*Asks:* 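Shown below is the structure under consideration.
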2 protein chains.
Amino acid sequence: MTDDATADCCAGAPREGGRRRGRQAEAELNDQRVLEAARDVFACEGADAPVSAVAKRAGVGMGSLYRRYGSKVELIQHLCQLSMEQAVLAAEEALASTEDPWAAFVEFVHRCVRARYGALSPVAGTIPVSEAMDRTYRRSRELLQELVQRTQAEGGLRPDVNTVDISRLIELFGRSFGSRCRNTADEQVQLRLLALALAGLRVTDGDPLPGPKPSLEDYENRWYLS
Amino acid sequence: MTDDATADCCAGAPREGGRRRGRQAEAELNDQRVLEAARDVFACEGADAPVSAVAKRAGVGMGSLYRRYGSKVELIQHLCQLSMEQAVLAAEEALASTEDPWAAFVEFVHRCVRARYGALSPVAGTIPVSEAMDRTYRRSRELLQELVQRTQAEGGLRPDVNTVDISRLIELFGRSFGSRCRNTADEQVQLRLLALALAGLRVTDGDPLPGPKPSLEDYENRWYLS
DNA sequence: ACGTAGCGGAGTGATCCGCTCCGGTCGACG
DNA sequence: CGTCGACCGGAGCGGATCACTCCGCTACGT
């Protein structure tokens, strides 16, 4: 497997993408492969998937994986961090497009779901929260707040929903998106259900949502308690 | 723990609920307790939760549990069976009430979600399907088909959804309902999201759902392939 | 008062998983 | 072209966990 990579990027001429060459190029490539594989594996099989599965999917030995990440927890933390950064980016871009607020909002949700934001939410409370994660989360929270308010004011988002509602919605679909590594037919159904929920987010003439608006505190505490 | 049970049902006067008395009454009670505990534990922690957790939650020894169910798989199969029977019952009652088809449909979905129908769907493909399961599933499928058609004809259910869509919706919320054994605040959020999706099921003037209607075959094959 | 049905839970063997460590490989450099 | 060492893959280790068994005990029924 690495043979391919070696043949592709090391033995031949310098690659346009990588800065370094030879062995170091392979190392850099492996970095990406590990990250991608980890996202897939953990999103599909849950955070208790064996690390060896990640290594195998990345086409990389255990040694190479553990040289980059000191432990499984560290790897997962890094994954969470990346997820949240993606969400931040998506939110920023949604806020930047002022043309159709509702469409921008929908696009934001879709991007979060597809980036599997929240696919790792089941690990909440089982790994420590790094400072980087905390910082990025805080930023994403602010942006989401802003986005929700704007969409409620100008985009037709029903006023009785919360940032927590939206977060949970994204997590719900982000978690099950591609869950259990099923075929793509599964993903299509999930997208249909997501479309259903999004349609429901627009309706305001129906019944109001049951219960009180969920509290931000409860939402966040999942990550800290036990 | 069993001391309580003994004091309650065995040492005292005959209980009105149970047919038998004394030791046999405790046995019968334990039966129920095991079932209930198993449903909770597996729904919350996933099907790979240890059997000992079920026993502990039921307040019952491992011996008592294994006398009733020869193996963990057998227990899970029984649980699936019960879930589906509940769904069948809910569907029958929904079809029986002819007054407000939409309300009956909503009630049906809620009952299924609350009964955690589909909480065990992640085990699909990991345990053999008993004939009883197969039979009950087939019956539930027929009833759901009928219910969906009626609600589409008379209840305002949008026409571009499928029985599979509905099943997956129920599974989605049934699985995450109470997932990870969180507090009840979590359940309230889930109910809000469910209400959102149900609202979306009613809208017909918005965009149509993306993709083709999901195929029943794909849906069912999850239980048989690998 | 005794036999025994039914109980709880410690123990067991096997599996699995995170992580380490080492022999091999191949680019880098003189 | 020879040597060196950075980096690689993956076998193996130690410990944790889990499904399941087995046995001593309790207390009901007679």
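The structure displayed is predicted, hence computed values, not measured ones. Order of the sequence lines sets the chain letters (A, B, ...), proteins ahead of strands, with each chain counted from 1.
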*Asks:* Could you check which of dG10(D), dG6(C), dG9(D) has an atom nearest any side-chain atom of Asn30(A)?
*Replies:* dG9(D)
*Asks:* Hey, is the side chain of Arg68(A) poking within less than 4.0 Å of OP1 or OP2 on dC8(D), counting only N and O atoms?
*Replies:* yes
*Asks:* Flag the pair Arg57(B) and Glu36(B) as a salt bridge only when some basic side-chain nitrogen lies within less than 4.0 angstrom of an acidic carboxylate oxygen.
*Replies:* no
*Asks:* Between Glu74(B) (CD) and dC20(D) (C1'), how many Å, whole number?
*Replies:* 13 Å
*Asks:* Kindly point out which of dA10(C), dC19(C), dG9(D) is positioned nearest to the side chain of Ser64(A)?
*Replies:*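 Within the option list, the nearest is dG9(D).
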*Asks:* Taking the side chain as C-beta and beyond, is there a heavy-atom pair between Val113(A) and Phe108(A) under 4.5 Å?
*Replies:* no
*Asks:* CG of Leu29(A) versus P of dC8(D): gap in Å, rounded?
*Replies:*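 Going from CG in Leu29(A) over to P in dC8(D) covers 11 Å.
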*Asks:* Rounded off to whole Å, could you give me the OH-to-C1' distance for the Tyr66(B) and dG8(C) pair?
*Replies:* 15 Å
*Asks:* Round to the nearest Å and state the distance from Asp48(A) atom CG to dA16(D) atom P.
*Replies:*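 Between P of dA16(D) and CG of Asp48(A): 18 Å.
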*Asks:* Within the 4.0 Å heavy-atom criterion, would you say Ala49(A) contacts the bases, only the backbone, or no part of the nucleic acid?
*Replies:*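 Answer is sugar-phosphate: Ala49(A) comes under 4.0 Å of backbone atoms only.
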*Asks:* For the pair Arg192(A) (side chain) and Gly211(B) (backbone), establish whether a donor and an acceptor sit closer than 3.5 Å, ignoring hydrogens and angles.
*Replies:* yes
*Asks:* Toward the 5' end of DNA chain C, which comes first, Gly63(B) or Val51(A), by nearest nucleotide?
*Replies:* Gly63(B)
*Asks:* From the options dG18(C), dC18(D), dG9(D), select the nucleotide whose nearest atom is closest to the side chain of Pro50(B).
*Replies:*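 Looking only at side-chain atoms, Pro50(B) lies closest to dC18(D).
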*Asks:* Quickly work out the Met62(B) CE to dG8(C) P distance and round it to whole Å.
*Replies:* 12 Å
*Asks:* Kindly say if Arg67(A) contacts the phosphate of dC8(D), meaning a side-chain N or O under 4.0 Å from OP1 or OP2.
*Replies:*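 Yes, such a contact exists.
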*Asks:* Any side-chain heavy atom of Tyr219(A) within less than 4.5 Å of one from Thr163(A)?
*Replies:* no
*Asks:* Expressed as a whole number of angstroms, how long is the span from Glu45(B):CD to dT17(D):P?
*Replies:*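 In whole Å, dT17(D) P and Glu45(B) CD are 13 Å from each other.
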*Asks:* Please report the distance, rounded to the nearest Å, between CD1 in Ile127(A) and C1' in dG18(C).
*Replies:*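 After rounding, the reported distance stands at 16 Å.
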*Asks:* Just verifying a value: how many Å separate Arg141(B) CZ and Thr136(B) OG1, rounded to the nearest 0.5 Å?
*Replies:* 12.5 Å
*Asks:* Distance check needed: dC18(D) P versus Lys56(B) NZ, whole Å only.
*Replies:*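 Distance check: Lys56(B) NZ to dC18(D) P gives 11 Å.
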